[in-house]
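Report on one structure; see the data block that follows.
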Amino acid sequence: TGRGVPVAVIDTGTATDHPALRGRGIQTANFVDGGEASFATDRHGTAVAGVIGARAVAEAGIAGVAPDAALTVAKACWYPEPIPAKARCSSWTLAKAVDFAINGGARAINLSLGGPPDALLGRLLTAAEQRGITVVAAIREGRDEPGFPAALDTVIPVIACDPHGRVAWPRWHTPAFVVAAPGVEIVAPTPPDRSLPLS
């Protein structure tokens, strides 16, 4: 159940008052200018935090894979206009969030994001690995390469599988080691207090 394991979710903000997350004692930090205003209404970070650490309660009907982990959500990404757009992150906000997670005692860092290579972020993730911190990153599916930071040797890259364990194998061949995890038709919490399937 991940009991007591400090896990840092570096993403958008999170609706910590969602029934599946309420009372979890989730620590929060914001590294986006003006990000406090939308922290509790951010979709992606809420879903990721729920997939990891939601507690099964009757009103939510959702349970995370590590419901007893000690979660910290560090907001390093934001939604540009219009609202349906995907979240964006900057090298600077991500670097500050990773540094915060390392120095805050995280034993695992989740990065459900991907983008172009970044030297500073690469050095920070190497430092995390050297301190015994497990870093997990999503691969960029449907691309000619796995993306950054999933391509780094210091992180565990994750590819989505469907409910039957089937994986759409990528065109690239590196990294040689890839973890497959459920990533299709996942039900996760979303603000405000409702659940929505994520594909």
Side-chain angles (χ1 to χ4, degrees), residues 7-22 24 26-55 60-67 69 71-98 100-101 106 108-116 118 121 125 135-143 146-150 155-161 179 181-199:
V7 177
V9 176
I10 298 176
D11 210 290
T12 66
T14 295
T16 57
D17 62 346
H18 186 283
L21 299 171
R22 189 184 304 135
R24 290 279 284 102
I26 297 173
Q27 302 298 309
T28 61
N30 174 59
F31 298 98
V32 175
D33 287 343
E36 297 89 352
S38 61
F39 198 101
T41 60
D42 287 345
R43 301 179 311 276
H44 195 266
T46 300
V48 172
V51 167
I52 295 170
R55 287 199 177 140
I62 299 167
V65 295
L71 287 183
T72 296
V73 176
K75 179 172 178 169
C77 308
W78 64 93
Y79 289 101
E81 296 295 336
I83 293 299
K86 289 186 177 183
R88 293 185 181 168
C89 317
S90 77
S91 171
W92 180 236
T93 57
L94 287 170
K96 289 191 290 184
V98 171
F100 169 80
I109 296 174
N110 185 85
L111 295 164
S112 292
L113 50 87
D118 183 86
L121 194 53
L125 294 174
V135 180
V136 179
I139 63 118
R140 299 181 77 186
E141 298 185 33
R143 306 291 181 97
F148 178 88
V155 307
I156 297 174
V158 181
I159 190 170
C161 67
V179 171
V184 179
E185 298 179 8
I186 300 297
V187 178
T190 61
D193 291 354
R194 67 179 188 271
S195 300
L196 190 70
L198 296 178
S199 58

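The residues of the chain are indexed from 1 along the displayed sequence. Owing to the predicted nature of the structure, the values given are computational and were not obtained by experimental measurement.
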How long is the span from the CZ atom in R88 to the OH atom in Y79, to the nearest 0.5 Å?
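The CZ atom of R88 sits 12.5 Å away from the OH atom of Y79.
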Within this structure, what is the CG-CD1 distance for the pair N110 and I156, rounded to the nearest 0.5 Å?
10.5 Å
Taking every non-hydrogen atom, the tightest pair across [X] and [Y]:
X    : Y    : answer
A74  : F100 : CB-CD2, 4.4 Å
A101 : A8   : CB-CB, 3.6 Å
C77  : L113 : SG-CD2, 4.0 Å
L21  : A15  : CD1-O, 3.7 Å
K75  : F39  : CB-CE1, 3.5 Å
L121 : V98  : CD1-CG2, 3.7 Å

Pick one: which of [options] meets side chain to side chain contact (heavy atoms under 4.5 Å, CB included) with [X]?
X   : options        : answer
W78 : D42, T93, D33  : T93
V48 : V73, L111, D11 : D11
C89 : T12, L94, V32  : L94

Check: A87 main-chain N/O paired with R43 side-chain donor or acceptor under 3.5 Å
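A pair under 3.5 Å: no.
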Test your reading of the model: is there a side-chain donor-acceptor pair from R24 to the backbone of L71, 3.5 Å cut-off?
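Such a contact is absent between R24 side chain and L71 backbone.
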4.5 Å side-chain heavy-atom contact, V9 and T14
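A side-chain contact is absent here, since even the closest heavy-atom pair is not under 4.5 Å.
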